[in-house]
Number of protein chains: 6
Amino acid sequence: MPLNEAQIEEIIDRALAEDLGIGDITTEALIHGKRRGTGLIVVKREGILAGIGVAKQVFHRVDQNLKVEILLEDGSRVKLGNKVAKVAGNVASILKAERVALNFLQRLSGVASETGRYVEGVEGLPVRIMDTRKTTPSLRDLEKYAVRVGGGENHRMNLGDGILIKDNHLAVLRRQGLSIKEIVARARQSAPQRLKVEVEVRTVPEALEAAEAGADIIMLDNMNLEDMRKAVKSVHGRALIEASGGITLDNVRAVAETGVNFISIGALTHSAKALDISLELEAE
Amino acid sequence: MPLNEAQIEEIIDRALAEDLGIGDITTEALIHGKRRGTGLIVVKREGILAGIGVAKQVFHRVDQNLKVEILLEDGSRVKLGNKVAKVAGNVASILKAERVALNFLQRLSGVASETGRYVEGVEGLPVRIMDTRKTTPSLRDLEKYAVRVGGGENHRMNLGDGILIKDNHLAVLRRQGLSIKEIVARARQSAPQRLKVEVEVRTVPEALEAAEAGADIIMLDNMNLEDMRKAVKSVHGRALIEASGGITLDNVRAVAETGVNFISIGALTHSAKALDISLELEAE
Amino acid sequence: MPLNEAQIEEIIDRALAEDLGIGDITTEALIHGKRRGTGLIVVKREGILAGIGVAKQVFHRVDQNLKVEILLEDGSRVKLGNKVAKVAGNVASILKAERVALNFLQRLSGVASETGRYVEGVEGLPVRIMDTRKTTPSLRDLEKYAVRVGGGENHRMNLGDGILIKDNHLAVLRRQGLSIKEIVARARQSAPQRLKVEVEVRTVPEALEAAEAGADIIMLDNMNLEDMRKAVKSVHGRALIEASGGITLDNVRAVAETGVNFISIGALTHSAKALDISLELEAE
Amino acid sequence: MPLNEAQIEEIIDRALAEDLGIGDITTEALIHGKRRGTGLIVVKREGILAGIGVAKQVFHRVDQNLKVEILLEDGSRVKLGNKVAKVAGNVASILKAERVALNFLQRLSGVASETGRYVEGVEGLPVRIMDTRKTTPSLRDLEKYAVRVGGGENHRMNLGDGILIKDNHLAVLRRQGLSIKEIVARARQSAPQRLKVEVEVRTVPEALEAAEAGADIIMLDNMNLEDMRKAVKSVHGRALIEASGGITLDNVRAVAETGVNFISIGALTHSAKALDISLELEAE
Amino acid sequence: MPLNEAQIEEIIDRALAEDLGIGDITTEALIHGKRRGTGLIVVKREGILAGIGVAKQVFHRVDQNLKVEILLEDGSRVKLGNKVAKVAGNVASILKAERVALNFLQRLSGVASETGRYVEGVEGLPVRIMDTRKTTPSLRDLEKYAVRVGGGENHRMNLGDGILIKDNHLAVLRRQGLSIKEIVARARQSAPQRLKVEVEVRTVPEALEAAEAGADIIMLDNMNLEDMRKAVKSVHGRALIEASGGITLDNVRAVAETGVNFISIGALTHSAKALDISLELEAE
Amino acid sequence: MPLNEAQIEEIIDRALAEDLGIGDITTEALIHGKRRGTGLIVVKREGILAGIGVAKQVFHRVDQNLKVEILLEDGSRVKLGNKVAKVAGNVASILKAERVALNFLQRLSGVASETGRYVEGVEGLPVRIMDTRKTTPSLRDLEKYAVRVGGGENHRMNLGDGILIKDNHLAVLRRQGLSIKEIVARARQSAPQRLKVEVEVRTVPEALEAAEAGADIIMLDNMNLEDMRKAVKSVHGRALIEASGGITLDNVRAVAETGVNFISIGALTHSAKALDISLELEAE
């Protein structure tokens, strides 16, 4: 699995603690502690599966004797009725783990599915769909993983792994009388050389100025299609170009057709609907 | 503030660790460490505000010398342009905290706003909108708080604080030949007396049987409007009734008009869109 | 096991860290690192066993190669000389885990045994023995589990899973001029509907007023036997009744005979004596 | 305060998380969020106070604006009616913190009080009352602190800070044919020189042998008074002597009069009754 | 301060827990709990100061009433006798915090000083001294911060924030028959576009091949000076060049003079000697 | 293994989190997720191996299916080319774990090797080489373990497990007019009896005074050889003697020959160079 088990274990443990409280009192009251059965995890909507490995880990964290068979791997396109995994063993354990396992699986699959819709929307065009730092607190790595599963690419993981000069930086620096050119130059000089320098601009002339100043990536913030096309043209390959802000499934293809290299979309992680997935239990 | 600071601090710290990495290298490279300024937190869409206290705590956790003035309290109905808080102090600190503060605020306000839309949809009717356990791993308490802010009521916090006999329990118990009546009776006997007993049913006769067996709450799972009305009628006040499954903004009022006491909706927490909120910085 | 392994593992790890420091320097200095042996866990006093699963987990957390055979399950009535488990493997590992394993086992068995004495004291009467929130910081779930093992029932797990209007609430609300009736009504209206409303009263008329106001449970605080009887009579089944305060093994049966439904006792968890249990090692 | 705030904060945070769940729903439902008042912490039984600093920290951890005035310091002898602290501020905050603050205070005062009773029992004799490692998991440092407050002295904090050759070590080593003399010699050689070597013995000749082998401290395990006297005599000051096992308030003075230097008692921490202490709230 | 307080607090708390155990028993035994005094932190060797903010935080974490006055900021060149800070307040608190505060300060100043020596060694040349991922487990961010304080630049923070194709990757990929050119091309295609691609080479032809394949940075691994010069010449500015392996203070200038852009040195963090710094206490 | 797995697991997890970030993006981009291979851990410099068990645990924490074969145990004297372990399995997992495993192994082996050099320097003399509390924050137990592996002995683990009256204590107490004799007497009286009392002195008369006052251990701080000899002579076996301060490989034998019992050296842990060790990967 592409994610580190030790790190995810901690997130899972917190989620279980949150969901279990003193334990599953309903199951304790009603079902014999030794009863065995099998749960099928079944998809209820069309989408892209992500997080099945995390779900498996949840079951094992509750009871390492549960036998989890993965039937569909992350990245699979799924639809109503698809069985993605089978969990066999103690019924009480399956019921304890059910909600947390599904909560991870539904959310991550939701993110992957939403990403997949955007990726599909730009099919055939030389552009990459990217996420942002607008992720759920404490789930960043998992959500960024789901974006990759959905065919997207990750933008910065955190503030420490990339230079991105944003509107608020520019607001401060311009007040000191600095031009975009001077700002980019300063960043190239002071920031770690191993990193590319990206700058956010709002107009075509700013994009040109940034390119001339040697920016590696230029983010066009909330620009209209016409201006994006002009920006692409005037930058003329001297820098990579990222479109950001106001992107929807309706306009993503048009944005891509302007010739930008990346399209970044906060909604991939902050507003994706969960993919409906459930567990159906059968006792032995 | 209705949430416990100590508990939230831990969630905030994890979110900051996740977002900061080694620190904000862009700001370090460009902006003088002593520069001061003011950030305004501004709403971009209509909705209900939730999480402003958490956002404030984020700023203080990064730098306790930041001065955060809350202009609108949680629960306020907000729209484009509303200023919800003002943060003054060290510019680098404001920029470090910005994304994490907004990530909390946008998500919680998204949940509160979505809840608010459902609550509004049933205005004037004697029914309560409830959440479920389909929450984001590690954010349950915060999201359930946001549901309350939005006018909703909380269903079970975790498996340990309520008896809810669900389809998977019934599947197991029926295989042993037990009727709903026997199952409810067993729950009333074995489970803690201080808790109400809720049972999920799929048909009107089952609802009736549950009521006669002394269930305190009966959950009608994915029932059509006609059957809901019948169930309400035949239960005749002997138990509270909850509708669940397939509820949307389009049908919520019709569901409420069947006479059910609660309507529970997973989408309040698992599929709410973030409310768009941003921070605008002005340097001194 | 009725408790969640992942949650308990964290408590065990803290207890081990606390007890091991740099490690068991005595054993390191004296006993060959590969020496093997068998430890018998033996009971020294009469009581009810609780926590054997936790003890087993302690041994495995120190050394997963230890072979732990459980001879008596939680809930067993034990007496001097009973062997409850056998631990075989590396001697140094057994000695490292010994104290922590016994500390859990002795305390939890102490709580279960104390609970058992009260349960026995009311044998044959239709009353339940309950715990309180007066538990050891960080061991609440385990101690409440031990209460259940001892035949008791759990009162609220935490402030968030039940409505209990206590003397201090009443003190504040009465100062605003509210009657018990108004207070109960307000609670029924504002608190989550899925929860029962309990209120603490000190006199028979208050109990009656609470019942009429629709309280689900009425707690009689430190009332004498005569008044308890009167309260039971005047409430007349409209609410469940809980006796609390000043309960001892000497008076518990008399209290039960007044007809109350529950008797809650803080001493089950805050003042139970540990059950004496030891580990006897035999080297190979 | 003699304990490290940072370490205790973590224990407090866990205890609060455990007790608060989603928050205090009763108080939220009934009492206005801005209501202010004053709580008096009042003692209900005779004993020695310990943990008032921890209790104060609990209140501050819930709400740093609470004003906590300590009226009686740790170590004070208290009795029914004594006021030990006054907490003023937000009523909801006081109620949220109440139970956890009292749980710490009652337990630690219980340990200090029990210790105090033993210390009093040997008043005037040149002997010290010591605790053991039989402490509550995760509360060791606090309980050992309470022992000191009660006038006792701490035995080993953990396995890594002292050499104590116990019965189980002897069982293993004797099977290899080693005498106590050889075992003590080996410990003196292999263990850190900065630490004293203590050995547990069961007979007078073993005590003598241990003294001659150069043990610094000799623990007499479950020995009768007569043998203790003989052991003290034959060791004749060459080592310190500790009595352990079966000590009660009834026999502690007799044990002390045998001339031993220490008496160690597991019950100080594993079986102390909580000291009854409560909080009385008065709204403004 | 350039580091995030919340993150560092956790590291400090662990370090304090590790150093305090039950608390400072020597000080408790000897010094009155209310005694006040002043400690001067004094440098004993020449070097560059780093970590004074962390040291300050340690004192405050132990006792927030200590008054810490910083006399010399991080980055100051210091020598024997320089006073870097003054700590005033409770003597017991100062003594509790002393060792941990100094442990941080000595190590970080050691790293900064070692870095400074290398930076000085290449003074006037257009080259940057960089660290590696060979840092102390759990102190990476702090040590990388110290490198910056010493005038160095940070290489990758972690495996997730940069593409660096190392010898072990090449070993695997070559076995599949891939050339460096193909490997670099694959990396440019599959890895996040926002990141530069760096590749490690051992010969001049490999360096040339990497440059032609479009690598952004080429690391010359353990190359001799002659080859480095040739590599710089043949790459001819198409990529940045990093020298790595076998760099010492004796050869660093010669390496720099070959024209490489970076020199990375594991010893900055894995083998720096602590800078000798002590605290001198004066009681009032 | 002499260290507790549960405790070390936590340190390893933090180190992995620190090094992995989102995961190993280079390997993900280039190497097939199912590729298998074998890594050899090879020593590059002469020294003493320590931490191979920790390294093994790192590999297993990243991927429990990796097969780690330990070829040389901790304590082995190693030199260039020695193979210490073999790791077989998934290539991506090996690469993820590599740096963290080596960082632990290099540092601990560095400490053991440095200790070994001092131990060798005093070979044949009746003296023990000891460490100090000048360890790396959060690695104390591991570093102290490495000291033992290198043949050294551990001084205090923390402030709570030994009485050591240092210069700063004396500075405070002398200001009250107390003599060393009075100070030692007070410590013997107030501190736990189970612990030895050590005191730091700077002159021969102070050493004599301390011995007469009954100190168990006397630390000679930065004394010259001549004075050390005199101190040894005048103490005349009444106390153990420890030399501290200014010890190097050049003078350690001369110091030992003065007759002191211990030599404590901060540099063992605060300034040991890492032992150069690498992993060489071969794909299948």
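None of these values were measured; they are calculated from a predicted model. Throughout, protein chains are lettered first and strands after them, A, B, ... in sequence-line order, and every chain is numbered starting at 1.
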Inset, instruction - Give, as side chain, backbone, both or neither, the part of A:Thr269 having an atom under 4.5 angstrom from any heavy atom of chain B. - result: backbone
Legend entry - chain B contact via A:Ala267 - which portion, at a heavy-atom distance below 4.5 Å: neither
Inset, instruction - Would you check if the side chain of B:Asp19 reaches a backbone N or O of A:Asn158 as a donor-acceptor pair within less than 3.5 Å? - result: no
Inset, instruction - Under 4.5 Å heavy-atom distance to chain A, tell me which part of B:Gln106 shows up: side chain, backbone, both or neither. - result: side chain
Legend entry - Contact leader toward chain B among A:Arg175, A:Arg133, A:Arg186, where contacts are heavy-atom pairs under 4.5 Å: A:Arg133
Legend entry - Donor-acceptor contact below 3.5 Å, side chain A:Arg14 vs main chain B:Ser138: no
Inset, instruction - Give a yes or no on whether the backbone of B:Ala274 and the side-chain of A:Ser271 come within a donor-acceptor separation of less than 3.5 Å. - result: yes
Inset, instruction - Tell me, for B:Val91 versus chain A, whether the close heavy atoms (under 4.5 Å) come from the side chain, the backbone, both or neither. - result: side chain
Inset, instruction - Pick one of side chain, backbone, both or neither for A:Arg35, based on which atoms fall under 4.5 Å of a heavy atom in chain B. - result: side chain
Legend entry - Residue, of B:Ala29, B:Ala191, B:Ala272, that accumulates the most heavy atom pairs under 4.5 Å with chain A: B:Ala29
Legend entry - B:Glu46, CD: over 12 other non-hydrogen atoms inside 6.0 angstrom: no
Legend entry - A:Leu102, part contacting chain B, at a heavy-atom distance under 4.5 Å: neither
Legend entry - Side-chain H-bond candidate by donor/acceptor type, A:Thr26 with B:His169, under 3.5 Å: no
Legend entry - B:Arg156 portion near chain A, given a 4.5 angstrom heavy-atom threshold: side chain
Legend entry - B:Pro137 backbone acceptor or donor facing A:Asn103 side chain under 3.5 Å: no
Legend entry - Side chain, backbone, both or neither of B:Glu284 within contact of chain A (heavy atoms, under 4.5 Å): backbone
Inset, instruction - Starting at CG of B:Asp141, measure out to CD of A:Glu18 and round the result to the nearest 0.5 Å. - result: 6.0 Å
Legend entry - Straight-line distance of B:Leu173 CG to A:Ile31 CD1, nearest 0.5 Å: 5.0 Å
Legend entry - Which portion of A:Ile183 sits near chain B, non-hydrogen atoms under 4.5 angstrom: both
Legend entry - Separation between CG of A:Leu95 and CG of B:Asn168, rounded to the nearest 0.5 Å: 6.0 Å
Inset, instruction - Start with the C-alpha distance between A:Lys273 and B:His270, add both sets of side-chain angles, then the distance that settles side-chain contact (heavy atoms from CB on, under 4.5 Å), and finish with yes or no. - result: CA-CA 7 Å; A:Lys273 280 181 195 300; B:His270 71 53; over 6 Å; no
Legend entry - Side chain proximity check, A:Leu159 to B:Ile25, heavy atoms < 4.5 angstrom: no
Legend entry - Contact winner vs chain A - B:Gly162, B:Ala15, B:Gly266, B:Gly110, heavy-atom pairs under 4.5 Å: B:Gly162
Legend entry - B:Arg202 atom CZ, neighbour heavy-atom count above 12 within 6.0 Å: no
Inset, instruction - Count the heavy atoms of every other residue, nucleotide or ligand shown that sit under 6.0 Å from CD of B:Gln176, and state whether that count exceeds 12. - result: yes
Inset, instruction - Any chance you could measure A:Asp167, atom CG, to B:Leu281, atom CG, to the nearest 0.5 Å? - result: 9.0 Å
Inset, instruction - Report the option among A:Asp276, A:Thr132, A:Thr27, A:Ile12 that has the most heavy-atom pairs separated by less than 4.5 Å from atoms of chain B. - result: A:Thr27
